[in-house]
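Read the structure below first, then the notes.
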Amino acid sequence: MTIVSLQGITKSFGGRPLFEPINWSIDGDARIGLVGVNGTGKSTLLRIVAGREGADDGQLVRRRGLRCAYLQQEVGGEDRSVLATVLAARPDIAALEADLQLVEAELALPAVLANSERLTDVLDRQARLLDQLDALGAARIRNEAIGYLRALNLDDRYFDVPTCQLSGGQRKLVALAACLIQQPDLLLLDEPDTHLDLEHKSHLETLIRDFGGAVVIVSHDRYLLDETVTTIVELEERRLHVWEGNYSAFAVAKEIALLRQQEIFVTQQKEIARLEAAIARFKMWASIVVNERHIKQARNKQRQIDRMEKVERPVLERKQMGLHLQPTQRGGQKALELRDVSLAFGEHIVLLGVTHTFWRGERVGIVGANGAGKTVLGRLLTEQLVPTEGEVWRGPSIDVGYYAQGHETLDLDASVLQTIRSAKPMYEEQATAFLGGFLFPYRMVNQKVGTLSGGERSRLQLARLMLGGANCLVLDEPTNHLDIASAEVLEGALAKYSGTIIVISHDRYFLDRVVDRVVEVHDGALAHYEGGYSAYLKQKARRLVAAPVVQTATKGSARVPR
């Protein structure tokens, strides 16, 4: 059953059309992933469906009484506590409770108690309010709020903390709990996985799969889309294209469809060329010998062309970021080494007595919960932090390139052009052409870095890395703001890179494609796993199962497994 229908929706910004008239229906049990490159209007379309933004033309039709909850891409903080923020998402209950308090205050007035008719009227109003609150489940609302927060794995100790003191990922979880407590029929999620660690992403997937209504997700996390959606809606060239299946099925089906479209397009163009040649011949004969039959045949051939349903030329290769990463020198066998390293901030110990070696040509993924110390480890390896104890050793011919999660390597007050020319001296024309290869048009080269979007800053930071020619890359969440197409370009560049790669990431699909070893940061220590993310999960599960046996064995009652 359709719960939302978009009919002929259009939208423009600054005279630039974002959507052509689009039609789209959302069923009550839909699981939809909305995908497309950055700037195509995915978030705008989601806001239109949510009723947060109007369309220029067309009609949005909703089922009567539809409850819709919308999770925006960036969630700010405020002084209100976590629990209060979730409860505030039910203003209907809050309004009834406020009315009930007024009624109860009125019941305490002597004038009301002395007037039986007025007392009866106030008691009736109180009963109606109590019935309404009961119908809305007001008595359970606090427990439900706590239940949603716990289901999203947000620790109880944060419940009374103001949301302005939380991390970006934690604020996203609170906002998601606030969406769920509204008991929506339609859940609209704009990049719900941003800033979440692997454990919280797993809880998010479970919650989406178990949700009883319809879900539409905008996300660049291909693993999340594979695990949660059954339909992909692609926004491309101002149009919507619907594909059945998860993201992996969509990627294969789209490639096959483009190849098939190319075959049909070539065949049709050959047929059009044949008909046009015939038209030219008949017109030539008619000009030599006036013959009505030749003129009619030319007209018939032209009508055949006009009646054809024209097949558009498929875009088999869209313009992509021109990223090519190669070191300028080979480097020694041992790239980086942690030698009995400890690091503490005051009384908070992040790493304790850690020893680990990163070898030339390795591709290592650093994982762990938010706050475990992954970024701290990356900054130690790049010598931005000094260990409290121990030594971070770097090979004598090792040149480290660093990609910062928050784009701290970029000067926000500099222009895009200045940023590139500071990384490597070059003429302005050369720098402008180079930036074009990273999808920065000429009109943007003098724009301040601080005005760029997250995806644009990510591409600029990768461009600087490319110019650096480092033989050891330390990348902190490099795919966070990249669209899927750019993330795939990065994966391809890293696959061809001959140096050492150390990447901190929560992008499970990316980790499976790039790394051959995983290091988990947990409780101040590093645990080592061979293989990509999927192999890491299996090995970790086996270790967790084996752990109780090991503990028993140390007491002398059982053999320790190898």
How long is the straight-line distance from [atom2] of [Y] back to [atom1] of [X], given to the nearest 0.5 Å?
X	Y	atom1	atom2	value
Thr194	His481	OG1	NE2	7.5 Å
Leu225	Ile484	CG	CD1	6.0 Å
Leu187	Leu71	CG	CG	7.5 Å
Leu173	Tyr148	CG	OH	15.0 Å
Ile366	Glu477	CD1	CD	11.5 Å
Leu435	Leu417	CG	CG	6.5 Å

ask   = Step by step, would you call His506 with Asn480 a side-chain contact (heavy atoms from CB on, under 4.5 Å)?
value = CA-CA 9 Å; His506 294 142; Asn480 254 7; over 6 Å; no

For [X] against [Y], the heavy-atom pair lying closest together:
X	Y	answer
Val86	Ile181	O-CG2, 3.5 Å
Thr479	Ser505	OG1-OG, 4.4 Å
Ser486	Arg459	OG-CD, 4.4 Å
Leu87	Ala145	CD2-CB, 4.0 Å
Ala178	Thr85	CB-O, 4.3 Å
Lys201	Asp193	CE-O, 3.6 Å

Give a yes or no answer on whether the side chain of [X] reaches the backbone of [Y] with a donor-acceptor pair at less than 3.5 Å.
X	Y	answer
Asp197	Ala369	no
Arg31	Thr230	no
His522	Gly368	no
Lys540	Tyr529	no
Lys42	Glu234	no
Asp226	Ser248	yes
Ser202	Leu198	no
Asp56	Ser12	yes
Arg52	Thr44	no
Thr10	Pro21	no

Any side-chain heavy atom of [X] sitting closer than 4.5 Å to one from [Y]?
X	Y	value
Glu488	Tyr509	no
His241	Glu236	yes
Leu465	Leu475	yes
Val75	Val174	no
Leu180	Glu144	no
Leu186	Val216	yes
Asp190	Tyr70	yes
Thr40	Asp483	no

Ionic contact status for [Y] with [X], cut-off 4.0 Å:
X	Y	result
Asp185	Arg63	yes
Arg508	Asp221	yes
Glu312	Arg239	yes

key: Check against side-chain contact (heavy atoms from CB on, under 4.5 Å), Val311 and Gln261   = CA-CA 8 Å; Val311 178; Gln261 185 180 347; 3.9 Å; yes

Crowding at [atom1], [X] (>12 non-hydrogen neighbours, <6.0 Å):
X	atom1	answer
Asp160	CG	no
Asp79	CG	no
Lys538	NZ	no
Glu53	CD	yes
Arg260	CZ	no

key: Worked check of side-chain contact (heavy atoms from CB on, under 4.5 Å) between Leu494 and Val503   = CA-CA 11 Å; Leu494 292 176; Val503 58; 5.9 Å; no

query = Given the rule in the side-chain hydrogen bond (donor to acceptor under 3.5 Å, both in side chains) test, do Thr409 and Gln461 qualify, once you have shown the distances and angles that lead to the verdict?
reply = CA-CA 7 Å; Thr409 60; Gln461 201 172 186; 2.6 Å; yes

request  = Could you please spell out the steps behind the side-chain contact (heavy atoms from CB on, under 4.5 Å) verdict for Leu196 and His203?
outcome  = CA-CA 10 Å; Leu196 298 187; His203 286 282; over 6 Å; no

ask   = Among Ile32, Thr231, Thr2, Val215, whose side chain to side chain contact (heavy atoms under 4.5 Å, CB included) with Ile26 holds?
value = Ile32

task = Indicate the ring-plane relationship of His407 and Tyr403, choosing parallel, tilted or perpendicular according to the 30° and 60° boundaries.
result = perpendicular

